[in-house]
There are 2 protein chains.
Amino acid sequence: MFSKKIPETTIRRLSAYFRQLSFLEKNGIVSISSSGLSQRLGFTDAQIRRDFSYFGQFGQSGIGYPVSELKKVMAKILGLDNKIWNVALVGVGNLGSALLAYKGFKEQGFFIKVAFDINPRKIGRSFRDIKIESLKKIPSLVKQKNISIGIIAVPSEAAQEVANILSHSGIKGIINFAPVRINVPSRIIVRHVDLSMELENISYFLATKRK
Amino acid sequence: MFSKKIPETTIRRLSAYFRQLSFLEKNGIVSISSSGLSQRLGFTDAQIRRDFSYFGQFGQSGIGYPVSELKKVMAKILGLDNKIWNVALVGVGNLGSALLAYKGFKEQGFFIKVAFDINPRKIGRSFRDIKIESLKKIPSLVKQKNISIGIIAVPSEAAQEVANILSHSGIKGIINFAPVRINVPSRIIVRHVDLSMELENISYFLATKRK
DNA sequence: GCGTGTGAACTCATTCACAGCT
DNA sequence: AGCTGTGAATGAGTTCACACGC
């Protein structure tokens, strides 16, 4: 879109901006300064101005940023502007079930359209209006339902195999909840969410009492 | 422990090292080179050597790193060496229930000892052997059960209040699953896990077709 | 006066490249 | 020959600080 080359770190802050701007808009705030956002988000004001500058010039000197306009811009950048992303979930265990029920996804335009599991007793059943299908049906259903993002919520041992199947089915992005690295073709975007890692991270800081 | 000053990024890779070394040890591999780890983990070999060097010199020229020894060192650094961390969960909704059932935590020595919810119908019930308590009991039970880490899995609106209660109860670390920033005294370590953010991140890359 | 947008300075992290050990 | 450990070089990301606009 804008060809400056945007730092990874900026991209990871985009969601926070978008959410905060939505909140401000809902509360009738029409304009916010970088230092106002700074307080609310915990990033420095300079960083916020820098981040926004990658995408254009939206601010008004002496006033700040127009909330609604900036929110729309953020939505567009994030690909959330009146777009719907179809999502497939693989692995309907504890975590998978929680993800199926999670309302936050729909709100942002992410719809889990199918769920897959290897357990024959689960296949055919429905959970939260989503029918659970056999892993064998991944390729056909991903295409048929125009799924672009896959969520892997299976045990570590199965994660790579599931990633392979998803890759071959034409998926474009994967969120992997299994605590192992998965190898996929580089055209596919992978994000890794590791719950134990976060706990270990905290335990590191608690164990080594450094300020 | 070692006073070099360790980069944040290195710390975030520690869990991955620990897990991989556990895996290697289980499979009878006694020694591994930085390039061997590089292949398995997707970090560069130079980066791995640099990371390890912050904690001392474990490698053997011409051979690599001794798996078991290095694993022990990582465990110690991460605070996982025969230590047990007691954890409290606040919010037993879909996500909270999944976290209660998640086996990965126990394996790493993190034990969810209590769960709290605001819903009177849930209070008093047990889920996975954990009794669900009223939020009012947080201060007393956190102390009594020697809890050091709290997990916030409540709706956004309630997150800050829960964070306040946890802070005042003497908790030392918090994992926050609510998609809002929480303010706590700086002595408390906070990690934020935002599921929608990860999806939005993927959608950004899919929306803006850049290589 | 207030607040943006951005060069320039700086800090943090990664990668290079190689001397030195086994 | 193979691989570590680390100075030095490079690159990425953040912060400073200030000219300019409202």
Side-chain angles (χ1 to χ4, degrees), chain A residues 2-17 20-21 24 29-71 73-74 77 201 204-205 210-211, chain B residues 2-17 20-21 24 29-71 73-74 77 201 204-205 210-211:
Chain A
F2 300 93
S3 38
K4 283 276 178 66
K5 206 199 53 170
I6 293 121
E8 269 285 276
T9 45
T10 296
I11 295 162
R12 294 196 66 83
R13 283 189 290 268
L14 254 31
S15 299
Y17 293 136
Q20 187 61 39
L21 289 163
L24 293 170
I29 291 158
V30 289
S31 163
I32 182 106
S33 68
S34 57
S35 61
L37 281 172
S38 170
Q39 284 193 306
R40 292 161 176 279
L41 294 172
F43 316 142
T44 70
D45 55 347
Q47 190 167 57
I48 291 167
R49 292 201 298 281
R50 174 78 61 197
D51 282 347
F52 290 170
S53 79
Y54 289 117
F55 302 101
Q57 308 190 177
F58 315 105
Q60 294 161 246
S61 299
I63 310 220
Y65 298 89
V67 170
S68 293
E69 194 196 316
L70 192 52
K71 185 198 136 193
V73 174
M74 289 290 134
I77 295 167
N201 210 266
Y204 165 84
F205 282 103
R210 327 169 311 52
K211 213 294 111 76
Chain B
F2 300 93
S3 38
K4 282 275 179 71
K5 206 198 50 169
I6 292 121
E8 269 290 320
T9 44
T10 296
I11 295 160
R12 294 196 66 80
R13 283 190 290 268
L14 255 31
S15 299
Y17 293 136
Q20 186 62 38
L21 289 163
L24 293 170
I29 291 160
V30 288
S31 162
I32 182 105
S33 68
S34 58
S35 61
L37 281 172
S38 170
Q39 284 193 306
R40 292 161 177 277
L41 293 172
F43 316 142
T44 69
D45 55 347
Q47 191 166 56
I48 291 167
R49 292 200 297 280
R50 173 79 61 198
D51 283 347
F52 290 170
S53 78
Y54 289 116
F55 302 101
Q57 308 191 176
F58 315 105
Q60 295 162 249
S61 299
I63 310 222
Y65 298 89
V67 170
S68 293
E69 194 196 315
L70 192 53
K71 185 199 135 191
V73 173
M74 289 290 133
I77 295 167
N201 210 267
Y204 166 84
F205 282 104
R210 326 168 311 50
K211 214 293 107 78

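Remember, it's a predicted structure, so these values are computed and weren't measured experimentally. So that the names make sense, note that chain A is the first sequence line, chain B the second, and so on, each numbered from 1.
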Nearest whole angstrom, please: distance from the [atom2] of [N] to the [atom1] of [X].
X: I48(B); N: dC3(D); atom1: CD1; atom2: P; answer: 13 Å
X: F55(A); N: dT6(C); atom1: CZ; atom2: P; answer: 14 Å
X: D45(B); N: dT6(D); atom1: CG; atom2: P; answer: 16 Å
X: Y65(B); N: dG2(D); atom1: OH; atom2: P; answer: 17 Å

query: Knowing that exactly one of Q20(B), R13(B), Q47(B) qualifies, which makes a side-chain contact (heavy atoms from CB on, under 4.5 Å) with L41(B)?
result: Q20(B)
statement: side-chain contact (heavy atoms from CB on, under 4.5 Å) with I48(B): of S35(B), S38(B), S53(B), S33(B), only one passes, and it is S38(B)
Reported OH-to-CG distance for the pair Y54(B) and L14(B), which is rounded to 0.5 angstrom: 12.0 Å
query: With a non-hydrogen cut-off below 4.0 angstrom, is S34(A) in contact with a base, only sugar-phosphate, or nothing?
result: sugar-phosphate
- request: Would you indicate, yes or no, if dT6(C) has its OP1 or OP2 atom less than 4.0 angstrom from a side-chain nitrogen or oxygen of Q57(A)?
  value: yes
Looking at every heavy atom in both [X] and [Y], which two are closest together, and how far apart are they?
X: V67(A); Y: L21(A); result: CG1-O, 3.5 Å
X: I11(A); Y: I6(A); result: CG1-CG2, 3.8 Å
X: F52(B); Y: F58(B); result: O-CE1, 3.7 Å
X: I29(A); Y: R40(A); result: CD1-NH2, 4.2 Å

Polar atom pairs (N or O), protein with nucleotides 18-22 of chain C, under 3.5 Å:
residue: dC21(C); atom: O2; partner: S61(B); partner atom: OG; Å: 3.1

message: Would Y65(B) and R49(B) count as a side chain to side chain contact (heavy atoms under 4.5 Å, CB included) here? Give the steps.
response: CA-CA 10 Å; Y65(B) 298 89; R49(B) 292 200 297 280; 3.6 Å; yes
Could you write out each protein N or O paired with an N or O of nucleotides 12-15 of chain C at a distance under 3.5 Å?
residue: dT14(C); atom: OP1; partner: R13(B); partner atom: NH1; Å: 2.9
residue: dT14(C); atom: OP1; partner: Q47(B); partner atom: NE2; Å: 3.0
residue: dT14(C); atom: OP2; partner: T9(B); partner atom: OG1; Å: 3.4
residue: dT14(C); atom: OP2; partner: R13(B); partner atom: NH2; Å: 3.0
residue: dT14(C); atom: O5'; partner: Q47(B); partner atom: NE2; Å: 3.3
residue: dT15(C); atom: OP2; partner: T44(B); partner atom: OG1; Å: 3.1
residue: dT15(C); atom: O4; partner: R50(B); partner atom: NE; Å: 3.3
residue: dT15(C); atom: O4; partner: R50(B); partner atom: NH2; Å: 2.8

